[in-house]
Amino acid sequence: MEKYNILLITPCLNIGGEELSTIAVAEELIKRGHNVYYMSSDGPLLKELVNKRINFSNGRMNAKNIFGFKKGIEDIKNIVKKCKIDIIHCSDPHTTTMSYFAVKFYRLKNKIIWHDRRTRFYPITTRIMNIVADFVIANSNFEKQKLIKNGLNCKKIKTIHNSLNIPFPKKKSLSTHNTHRPQICTVGRLVPIKGHKYFVKAAAEIRKEKYKVKFLIVGDGFLRTKLQDFVVKKNMEKDVIFTGFKRNLEELYSSIDILVNPSLYESFGNTCLEAMAYGKPVIATKTGGVPEVIEDGVTGILVPPRNFKKMAEAVIYLLKNPNITQKMGKAGREKAKKYFTINRVGNEIEGVYKNVMENTQ
């Protein structure tokens with residue numbers, strides 16, 4: 001496989017699936033001998049990039065106006081010329097469009113890839129991407145079909161499911177179910193689309209049934225105060241714990257029994273993979289690409305979005321049936337180990353690079 005100079009771009013370095021997935025891809029491509037550069041605006045994950053010794057360049061990638069957009073184009077142009085970049089691999093439509101103008105304005109010959117991990121305004125985005133992107137990677141078949149349905153050229157897109165973005169744990173985490181209060185956890189930014197209010201409502205339903213369960217809400221965001229107010233209103237302060245962000249995933253998943261993903265929409269579902277790798281069953285909403293990660297009745301249970309009563313019923317079912325809980329956890333761990341690997345992702349991304357480069361000579 002020919003080695004390329006690759007520029008990976010994310011708008012910022014917040015702690016989220018988009019950024020963590022891109023960093024994992026960067027590490028894998030470096031291992032394979034490619035020269036990898038990472039451009040983004042600042043953020044909490046910058047220290048992690050530095051620790052991993054990934055070549056980082058601070059660029060104005062999260063521009064909010066035309067002047068910032070122009071400066072971002074110049075930043076991309078400068079690193080492309082300095083590092084003789086072959087492929088610009090972007091994680092969102094905004095930076096993909098910036099890259100297009102950098103290439104066109106300065107008469108460069110780089111190839112541009114948009115790695116879609118969820119977008120908005122599909123009809124507009126797909127038509128723009130038909131012009132500015134040489135190829136599109138979708139992180140689920142659901143997302144791929146949605147893009148095609150909204151006008152994206154079906155010949156320039158491929159699904160590459162995400163990999164686990166953490167080292168695969170050598171041992172399955174031990175369940176605490178038999179010795180402590182069962183712990184039910186949800187992980188994600190505290191924003192409306194993640195559906196935390198339905199998780200809290202499900203917790204209230206479970207509590208009505210007199211189950212002594214601890215609920216962990218891992219993450220932070222502007223909805224935290226509103227969610228905490230609801231918890232206080234329901235007199236559940238001792239049962240529902242807001243932990244904030246947690247980066248020690250081994251400690252987190254070792255302490256829980258079940259992961260709940262209550263999102264209203266997920267193009268993929270990275271936290272589901274994390275729990276699977278640690279041998280934990282997942283209760284998740286049947287939305288977007290989640291059914292491509294969680295096999296209903298095998299590695300977890302799928303419930304309708306917003307249906308907190310079904311969510312509560314699923315939790316209670318697993319609490320009543322610890323043998324099924326362990327069986328689902330084991331099946332999820334095996335699936336994560338065999339399929340959701342960074343090696344597979346690396347192979348498939350290299351295939352896209354080879355195809356794009358060969359078709360542009």
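The residues of the chain are indexed from 1 along the displayed sequence. The structure presented is a predicted model; accordingly, all values stated were derived computationally and were not measured.
Taking a cutoff of 4.0 Å between a charged side-chain nitrogen and a carboxylate oxygen, D239 and R207 qualify as a salt bridge. Checked for salt-bridge contact, D229 and K233 miss the test: no charged N lies under 4.0 Å from a carboxylate O. Using a 4.0 Å cut-off between charged nitrogen and carboxylate oxygen, K194 and E266 count as a salt-bridge pair. Salt bridge K52/E27: present, at least one basic N to carboxylate O contact under 4.0 Å. One finds a salt bridge joining E205 and K208 here, because a Lys/Arg side-chain nitrogen approaches an Asp/Glu carboxylate oxygen to under 4.0 Å.
Around the CD1 atom of I124, the shell of radius 6.0 Å holds no more than 12 heavy atoms that belong to other residues, nucleotides or ligands. Environment of CZ in R189: sparse, with no more than 12 heavy atoms of neighbouring residues, nucleotides or ligands closer than 6.0 Å. For K234, the NZ atom is loosely surrounded, since the number of other residues' heavy atoms within 6.0 Å does not exceed 12. In K71, the NZ atom is not crowded: 12 or fewer heavy atoms of neighbouring residues, nucleotides or ligands sit closer than 6.0 Å. A 6.0 Å sphere centred on NZ of K337 holds no more than 12 heavy atoms belonging to other residues, nucleotides or ligands.
Of the inter-residue distances, the one linking I258 atom CD1 with L318 atom CG reads 4.5 Å to the nearest 0.5 angstrom. Atoms CD1 and CG, on I76 and L7 in that order, are 7.0 Å from each other to the nearest 0.5 Å. Between the CD1 atom in I241 and the CD1 atom in I217 there is a gap of 9.5 Å [rounded to 0.5 Å]. For the atom pair CD1 (I342) and CG (N165), the distance works out to 7.0 Å, reported to the nearest 0.5 Å. Within the model, atoms CG of L49 and CD1 of I54 stand 5.0 Å from one another, a figure rounded to the nearest 0.5 Å. Taking CG of L13 as the reference point, atom CD of E18 lies at 10.0 Å (rounded to 0.5 Å).
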For E28 and R32, what are the C-alpha separation, side-chain angles and deciding distance, and is it a salt bridge (Lys or Arg N to Asp or Glu O under 4.0 Å)? CA-CA 6 Å; E28 180 65 16; R32 292 166 179 254; 2.8 Å; yes

Between D92 and T95, does a side-chain hydrogen bond (donor to acceptor under 3.5 Å, both in side chains) hold up when you go through it step by step? CA-CA 6 Å; D92 76 317; T95 55; 2.3 Å; yes

Show, in sequence, the C-alpha distance, side-chain angles and deciding distance for Y211 and L319, and conclude whether the side chain to side chain contact (heavy atoms under 4.5 Å, CB included) test is met. CA-CA 9 Å; Y211 281 93; L319 292 175; 4.0 Å; yes

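Panel note: side chain S254, backbone E251; no donor-acceptor pair is recorded below 3.5 Å. Between the side chain of T285 and the main chain of S263, a donor-acceptor pair closer than 3.5 Å is present. A donor-acceptor contact shorter than 3.5 Å is absent between the side chain of D134 and the backbone of K111. Between the side chain of S267 and the backbone N or O of R117, at least one donor-acceptor pair lies under 3.5 Å. The backbone N or O of N321 sits less than 3.5 Å from a side-chain atom of T325, completing a donor-acceptor pair. Checked by atom type and distance alone, the side chain of R333 never pairs as donor or acceptor with a backbone atom of Y278 at under 3.5 Å. N78 contributes a side-chain N or O that, together with a main-chain N or O of E74, makes up a donor-acceptor pair within less than 3.5 Å. The backbone N or O of L252 lies less than 3.5 Å from a partner atom in the side chain of S255, making a donor-acceptor pair. A donor-acceptor pair is defined here as one N or O able to donate and one able to accept, closer than 3.5 Å; such a pair exists between the side chain of E292 and the backbone of N141. At least one donor-acceptor pair closer than 3.5 Å links the side chain of R181 to the backbone N or O of V213.
The shortest distance between side-chain heavy atoms of K104 and Y100 falls below 4.5 Å. Side-chain contact between Y265 and R118: present, with at least one pair of heavy atoms (C-beta onward) separated by less than 4.5 Å. At a threshold of 4.5 Å between non-hydrogen side-chain atoms, the residues Y37 and V80 do not count as touching. Side-chain contact check for V240 versus K214: every heavy-atom pair is 4.5 Å or farther apart. Side chains of F242 and V231 form a contact here, defined as non-hydrogen atoms less than 4.5 Å apart. Within the 4.5 Å cutoff, no side-chain heavy atoms of L259 are placed close to those of I283. Considering only heavy atoms from C-beta on, H161 stays 4.5 Å or farther from N139 through its side chain. Counting heavy atoms from C-beta on, the side chains of I160 and V345 come closer than 4.5 Å.
Under a hydrophobic-cluster definition in which Ile, Leu, Val, Met, Phe, Trp and Tyr are linked whenever side-chain heavy atoms come within less than 4.5 Å, directly or via other members, I128 and I66 are assigned to different clusters. With hydrophobic clusters built from ILVMFWY side chains whose heavy atoms lie under 4.5 angstrom apart, I166 shares a cluster with F168. Cluster annotation: I148 and I131 are assigned to the same hydrophobic cluster (Ile/Leu/Val/Met/Phe/Trp/Tyr, side-chain heavy-atom contacts under 4.5 Å, transitive). Under a hydrophobic-cluster definition in which Ile, Leu, Val, Met, Phe, Trp and Tyr are linked whenever side-chain heavy atoms come within less than 4.5 Å, directly or via other members, F245 and I23 are assigned to different clusters. A continuous path of ILVMFWY side-chain contacts below 4.5 Å connects M1 to V36, so both sit in one hydrophobic cluster.
Contact between V260 and T186 at its shortest, heavy atoms only, is O-OG1, 2.8 Å. The two residues S41 and M61 make their nearest non-hydrogen contact at OG-N, 3.2 Å. Scanning all heavy atoms of the two residues, the minimum distance from H196 to V191 falls at ND1-O, 4.3 Å. Residue N14 comes nearest to L45 through the heavy atom pair O-CD1, 3.1 Å, listed as atom of the first residue, atom of the second, then distance. Scanning both residues, L108 and A102, for their nearest heavy atoms gives CD1-O, 3.7 Å. Shown here for N130 and K156, the closest heavy-atom pair between the two residues is O-NZ, 3.1 Å.
Applying the ring-ring contact (aromatic ring centres under 6.0 Å, His included) test to pairs two or more places apart or on separate chains, those with a residue in residues 61-92 are F69-H94, H89-H115, H89-Y353.
For the residue pair N58/D42, the side-chain donor-acceptor check at 3.5 Å is not satisfied. With hydrogens and angles left out, the side-chain atoms of E350 and H34 include a donor and acceptor closer than 3.5 Å. Neither side chain, E19 nor T10, offers a donor N or O lying under 3.5 Å from an acceptor on the other.
By the 30° and 60° cut-offs, the orientation of the rings of F340 relative to F268 is perpendicular.
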Got a list of side-chain donor-acceptor pairs under 3.5 Å for residues 296-317, not counting sequence neighbours?
residue	atom	partner	partner atom	Å
D296	OD1	L302	N	2.9
T299	OG1	E295	N	2.9
N307	OD1	K309	N	3.4
N307	OD1	K310	N	3.0

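N5 is linked by a side chain to side chain donor-acceptor pair (under 3.5 Å) to N35, counting only residues two or more places apart in sequence or in another chain.
Stacking of K77 on the aromatic ring of Y106 is recorded, both the 6.0 Å distance cut-off and the 45° axial limit being met.
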